[in-house]
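Note: hydrogens, waters and symmetry copies are ignored here, and every other heavy atom, side chains too, is used. Chain letters run A, B, ... following the sequence lines, proteins first and then strands; every chain starts at 1.
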Protein chains: 2
Amino acid sequence: MHTWKQFDRNVITHSAAHHLMAIDTLMHEHGYARVSDVARLLEITRGSVSISLKPLKAEGLVEQDENRFIRLSERGQRLVDILRARHYIIKKFMTAVLGVGEERAEIDGCKIEHLLSAETSERLTALLRFIDSGAESADRFIEEFHRFNEACLHDAQACPSCQDQCLYDLASQKLQDAVAEK
Amino acid sequence: MHTWKQFDRNVITHSAAHHLMAIDTLMHEHGYARVSDVARLLEITRGSVSISLKPLKAEGLVEQDENRFIRLSERGQRLVDILRARHYIIKKFMTAVLGVGEERAEIDGCKIEHLLSAETSERLTALLRFIDSGAESADRFIEEFHRFNEACLHDAQACPSCQDQCLYDLASQKLQDAVAEK
DNA sequence: ACAAACTGTTATATAATTAAAACACTTGCC
DNA sequence: GGCAAGTGTTTTAATTATATAACAGTTTGT
């Protein structure tokens, strides 16, 4: 069980990912980005942005010119492109395949886009490519899955997917309901 | 863009989830759990465990008897059961559907099991139930998808899944390769 | 029964992410 | 030209997750 120690050492933090993506968004929308613009977009203080940007500048992902305008370095841009691609496929998988609501998919996607491995992201992209391929088996799968949904007996013994408890009942519970007094 | 502020305020932290699951593991393996046992299992110091446990005791997820033996409260147990169910379905989806390697699926699963919404977890469980149902369309989908994999032309224009850049090329890159000097 | 080993807690420290407030500098308007 | 508004940084502070080290108490072995 040494795996769990890796789980914090992620390549970039959630916060860093969003700072980088905010710069990218601003560059596309206004052609420039400053500390204040990022702060406004992320709804945090300028001081926080200034401090958060420091390690990103040190790592060469973000650059600042003589007028203190911010831009992404080439590597920073590449990182953002990867993150956006992953966000897109995760969200699309959740909505188009799983049938999760748009807003929920957006939030869940943001939480995990920077955490998934390249391997998982690659396989997820392959899945979506297959679904988009127009293959008859893909279309039928999606259609039948979306019709399937109702028939859970909530009986672990009778269920080929369950072990001792109904997975459906367990997995679908909200964590906050379990944490909060009830 | 108020969504992104929610992304940190998760119901439980990664660390808390693993402390709770460690207690559960120890209870199953030895019938009891103490601070030292948790520390050994997670490979952190007893001091760290003692401190991490404090908020969990305060929230009533963990209890400690007069001999300082630790156990999960009813709510703590419920939380662990939910987390384990989610971990299981995420990992199973990654291996059985996506074809991700076992070890990678374990790590990725650990990173996100406590972050996904109930809605997404529920839909993911439904997907696995459909695949386990033996429906012919499910079997064919998996089989054909696993054979499909090769044919990416890496040409965004010709690809029904891509926009301006090849999603496959982007999403499958390792983040650390983008961050590290190259 | 006593020393060695182990246990749990606390104190102190570090790093990350954020906030608020204070400061200095720049810009824009009248 | 001068003041109000905006901008970026720094300082101070809080929280979370961890570490080490010191301490006090409990077991264990002989």
With a 4.0 Å heavy-atom cut-off, tell me which residues in residues 47-54 of chain A come close to DNA chain D, sorted by residue number. A/G47, A/S50, A/I51, A/K54
Using a strict threshold of under 4.0 Å (side-chain N to carboxylate O), is an ion pair present between B/D65 and B/R71? no
Return the value, rounded to whole Å, for the distance between atom CD1 of B/I23 and atom C1' of C/dG8. 14 Å
So which nucleotide from C/dT9, D/dG8, C/dA19 ends up closest to the side chain of A/I44? C/dA19
Does A/R40 make a side-chain N or O approach to OP1 or OP2 of D/dG6 shorter than 4.0 Å? no
Measure CZ/A/F69 against P/D/dT7 and give the value in whole Å, please. 10 Å
Interatomic distance where NE2 belongs to B/H19 and C1' belongs to C/dG8 [whole Å]: 14 Å
For A/S117, is there any backbone N or O sitting under 3.5 Å from a side-chain donor or acceptor partner on A/S121? yes
With side chains defined as the heavy atoms from C-beta onward, is the minimum distance between B/D108 and B/V100 less than 4.5 Å? no
Any donor and acceptor pair, going by atom type alone, linking the side chain of A/R75 with main-chain N or O of A/E59 inside 3.5 Å? yes
In whole angstroms, the gap separating P of C/dA19 from CD of A/E43 amounts to 10 Å
I'd like to know if B/R34 pairs up with B/D37 as an ion pair, taking the criterion as any Lys NZ or Arg NE/NH1/NH2 lying under 4.0 Å from an Asp or Glu carboxylate oxygen. yes
Short N/O separations, protein against nucleotides 22-28 of chain C, under 3.5 angstrom:
none

Charged N-O contact under 4.0 Å between B/R147 and B/E143: yes
Starting at NE2 of B/H30 and ending at P of C/dT7, how long is that distance when rounded to a whole Å? 12 Å
Closest approach to the side chain of B/S36, judged atom by atom: which nucleotide of C/dA19, C/dG8, D/dT18 is it? C/dG8
With a 4.0 Å limit, can you tell me whether B/Q64 has a side-chain N or O closer than that to the phosphate oxygens OP1/OP2 of C/dT9? yes
For B/L20 and D/dA17, what is the distance between atoms CG and P respectively, to the nearest whole Å? 12 Å
Does C/dT17 have OP1 or OP2 sitting under 4.0 Å from an N or O in the side chain of A/T13? yes
If you count heavy atoms of other groups shown closer than 6.0 angstrom to CD of B/Q64, is the number above 12? yes
Please confirm whether A/R129 makes a cation-pi placement over B/Y168, using NZ or CZ under 6.0 Å from the six-membered ring centre and within 45° of the ring normal. yes
Nearest whole angstrom, please: distance from the P of D/dT15 to the CG of B/L56. 17 Å
Set of residues satisfying ring-ring contact (aromatic ring centres under 6.0 Å, His included) with respect to B/F130, sequence neighbours excluded: A/F141, A/F145, A/F148
Report the distance from atom CD of A/E59 to atom P of C/dA15, rounded to the nearest whole Å. 16 Å
